[in-house]
Amino acid sequence: IMCASAKYNTRGPALIPRMKTKHRIYYITLFSIVLLGLIATGIFQFWPHSIESSSDWTVEKRSVHDMHTCFDVYRCGFNPKNKIKVYIYSLKKYVDEYGTSVSNTISREYNELLTAISDSEFYTDDVNRACLFVPSIDVLNQNALRIKETAQALAQLSRWDRGTNHLLFNMLPGGPPDYNTALDVPRDRALLAGGGFSTWTYRQGYDVSIPVYSPLSAEVDLPERGPGPRRYFILSSQMALHPEYRSELEALQAENGESVLILDKCTNLSDGVPAVRKRCHKNQVFDYPQVLQESTFCVVLRGARLGQAVLSDVLQAGCVPVIIADSYILPFSEVLDWKRASVVIPEEKMPEMYSILQSVPQRQIEEMQRQARWFWEAYFQSMKAIALATLQIINDRIYPYAAISYEEWNDPPAVKWSSVSNPLFLPLIPPQSQGFTAIVLTYDRVESLFRVITEVSKVPSLSKLLVVWNNQNKNPPEDSLWPKIRVPLKVVRTAENKLSNRFFPYDEIETEAVLAIDDDIIMLTSDELQFGYEVWREFPDRLVGYPGRLHLWDHEMNKWKYESEWTNEVSMVLTGAAFYHKYFNYLYTYKMPGDIKNWVDAHMNCEDIAMNFLVANVTGKSVIKVTPRKKFKCPECTAIDGLSLDQTHMVERSECINKFASVFGTMPLKVVEHRADPVLYKDDFPEKLKSFPNIGSL
């Protein structure tokens, strides 16, 4: 209409000069009538009352699906555990008008999935408390579905409401001849956990891409194989590949010889031998999936469907998947970092596959092999793992402030101790009621030790005090001589005099927080220590300490040096008194890189610098200095030959920094200008109204 009006209007002025006056009036009147008609038509066409009844508008609204517009978060309500509640509909039989069953009985896999949900912390049997609804109608495999009738059955669910807050699981979408990449059953607002999404059908932030489950996961026990070089460099094990793909793979094998193995379906197997468990190359027969463990890289090509169960088999074998499937949305890609476990190559780059893979460093290959196996163990190996990962992703969308972090989704547990949690995955603030454990390393300074115990015992949040007796030639004092304090006091005798004993993960440490403190640190007040603990509670993955130290680059000597001058910059805190999470005791004892731990014990120095390096390398974060105090005593010296000893000490500490940086292969320490102080601690304010009145001095 607008184009017609514009065309008529542009022709008008060209004719007007040649018209007579009455004709001009006639045409102007006619033009005005037409123009008014067009305006009126436009007004009524776009009048607000017609929006809801417009079919075009309805289609447009339905084309946009996200958690904000199509998911009713108010059904989830407030949950103190930050967990969605999932309701599973009771099993019913649906029949058409002829009495024929709409779908077959549920599959073994779907039954396992529903069982996993019902046994999980997400499940509720109260439909009124549910945030998410899962039908008992099995749509895992579209091949077994009657599309129209299945949609009608879903619509009869009591809470369907156009699929709002409903979750459908489908692993094999589409059907011949086109094999759509998403379930063809009309689902409207229902979330789809699908096993073959493409970028065209995946509703990002709404649907969840899941793996295609491999039944071999339950049938075959494939022991984990350590990372490293293997017999074949590239292996392809898929059957029924497109002829063009197979010809390209065979050309790759011909060009690179025995390092590439291309397998296919066996045609000469004996009766009774399951074809799914065998693969062949010429006259050679290989056991499947065991043969996958013989290759460094395993090709995962698209078939009739984008999602392939072979991806699960490859991950289980610890083989690095080479994924060649343009537009494929990888399983759980919303949270999993597939660059750490796979190589994705565009289909047009298949001829260059060998050279691309050769450019991957061996160390990275080994890390990817470990990561591949970890992904399978955590997210692929069972229908339970797939179901719970799916629900966790949806849960993280609804409760984003309590969502699982990138590290927890992607980092294999480096140390599998049941009694300790990585501080990177702690709640926002650890519970205050737990308190902290003070660990005092001592040798024979009994008088000073007893003063430290007495002072530390005054801290309200102290839960336990552990004395590490590092003297093998002298017994600790008798029980009757020790100070009487309000919390348990435990003495641990060590086998050798090592500085690393202060960072050993003793079974007696039951709290998350640890205060490492020397046996001569008698100057810290109860308020200083309590405030340090409160700061740690808000930053449980940091080292929180008092005197700060700094590392600097010496341009003249072309190396790092240790600095203890009183500056505002810090990159380390002394562990003569510092709070940290007990997880780092495990890392220090069992996962410290190279020979650092032995080097520290041999030189009887720098254990605190080693711990600063370790925490900074793991977290990528800086230390936190609290309170104004910048020294414990005379700045790192003794009364005897103080200046000379201090200079020697600084040289040794500088050597430590350069040694550790070399072993770590980087400089993880972060320099910051930051200090945490109590509110109002220096203000002219009544002391009794301050939370921490006695905060100490420099």
Side-chain angles (χ1 to χ4, degrees), residues 414-415 417 419-420 436-446 448-450 452-453 456 464-477 489-510 513-521 543 545 547 549 562 572-618 632 636 638 645 648-664:
V415 187
W417 298 294
S419 61
V420 65
F436 66 89
T437 300
I439 301 179
V440 187
L441 182 69
T442 189
Y443 189 76
D444 60 3
R445 292 186 288 204
V446 175
S448 175
L449 169 66
F450 284 0
V452 170
I453 292 174
V456 173
K464 180 184 289 187
L465 205 150
L466 189 64
V467 175
V468 179
W469 189 265
N470 226 16
N471 190 340
Q472 290 75 43
N473 301 318
K474 181 180 179 180
N475 292 328
L489 190 154
K490 174 76 174 179
V491 180
V492 177
R493 302 189 64 177
T494 60
E496 296 181 70
N497 181 20
K498 295 181 178 180
L499 282 180
S500 295
N501 288 335
R502 78 182 314 158
F503 296 133
F504 187 82
Y506 298 101
D507 293 337
E508 289 79 5
I509 304 174
E510 298 174 341
V514 173
L515 168 66
I517 187 166
D518 287 344
D519 61 0
D520 59 347
I521 306 301
L543 265 176
R549 295 295 181 260
Y562 177 83
M572 296 172 280
V573 291
L574 302 181
T575 58
F579 288 93
Y580 61 91
H581 193 279
K582 68 177 180 178
Y583 175 75
F584 294 116
N585 279 348
Y586 289 86
L587 294 187
Y588 187 100
T589 303
Y590 300 114
K591 293 295 181 179
M592 179 66 78
D595 62 342
I596 290 179
K597 182 169 171 288
N598 293 332
W599 195 91
V600 165
D601 291 333
H603 290 76
M604 292 297 286
N605 198 354
C606 300
E607 84 286 359
D608 53 349
I609 297 179
M611 179 60 90
N612 275 271
F613 264 74
L614 179 68
V615 176
N617 189 64
V618 169
F632 286 138
E636 312 212 23
T638 65
L645 183 60
T648 303
H649 180 74
M650 302 297 283
V651 170
E652 291 178 352
R653 305 276 280 182
S654 296
E655 290 178 359
C656 292
I657 290 180
N658 285 283
K659 164 72 176 178
F660 300 164
S662 174
V663 173
F664 275 87

Any donor-acceptor pair under 3.5 Å linking the side-chain atoms of [Y] with those of [X]?
| X | Y | answer |
| --- | --- | --- |
| N471 | D444 | no |
| S500 | D601 | yes |
| N470 | T494 | yes |

Exercise. Is the backbone of M650 close enough, under 3.5 Å, to the side chain of S654 for a donor and an acceptor to pair up by distance?
Worked result: yes

Exercise. Is a salt bridge present between D608 and R653, judged by a nitrogen-to-oxygen distance below 4.0 Å?
Worked result: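 A salt bridge is present here (some side-chain N lies under 4.0 Å from a carboxylate O).
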
Problem set entry | salt_bridge(K464, E508) N-O dist < 4.0 Å |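 The answer is no: the pair does not qualify as a salt bridge.
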
Restricting to non-hydrogen atoms, name the atom on [X] and the atom on [Y] that form the minimum distance, rounded to 0.1 Å.
| X | Y | value |
| --- | --- | --- |
| E652 | C606 | O-SG, 4.1 Å |
| A495 | Q472 | O-CG, 3.3 Å |
| P477 | F450 | CG-CZ, 3.9 Å |
| K582 | I509 | NZ-O, 3.5 Å |

Is there a side-chain contact between [X] and [Y] in this structure, where contact means two heavy atoms from C-beta onward sitting under 4.5 Å apart?
| X | Y | result |
| --- | --- | --- |
| R549 | I609 | no |
| I657 | M572 | yes |
| N475 | W469 | no |

For this session: Determine, step by step, whether M592 and V663 satisfy the side chain to side chain contact (heavy atoms under 4.5 Å, CB included) criterion, reporting the C-alpha distance in whole Å, the side-chain angles of both residues, the deciding distance to 0.1 Å, and the verdict.
Result: CA-CA 10 Å; M592 179 66 78; V663 173; over 6 Å; no

Exercise. How many angstroms lie between CE in M611 and CD1 in I596, if you round to the nearest 0.5 Å?
Worked result: 12.0 Å

Exercise. Knowing that exactly one of Y580, F503, F504 qualifies, which makes a side-chain contact (heavy atoms from CB on, under 4.5 Å) with Y588?
Worked result: F503

Exercise. How are the rings of W599 and H603 set to each other: parallel, tilted or perpendicular (split at 30° and 60°)?
Worked result: parallel

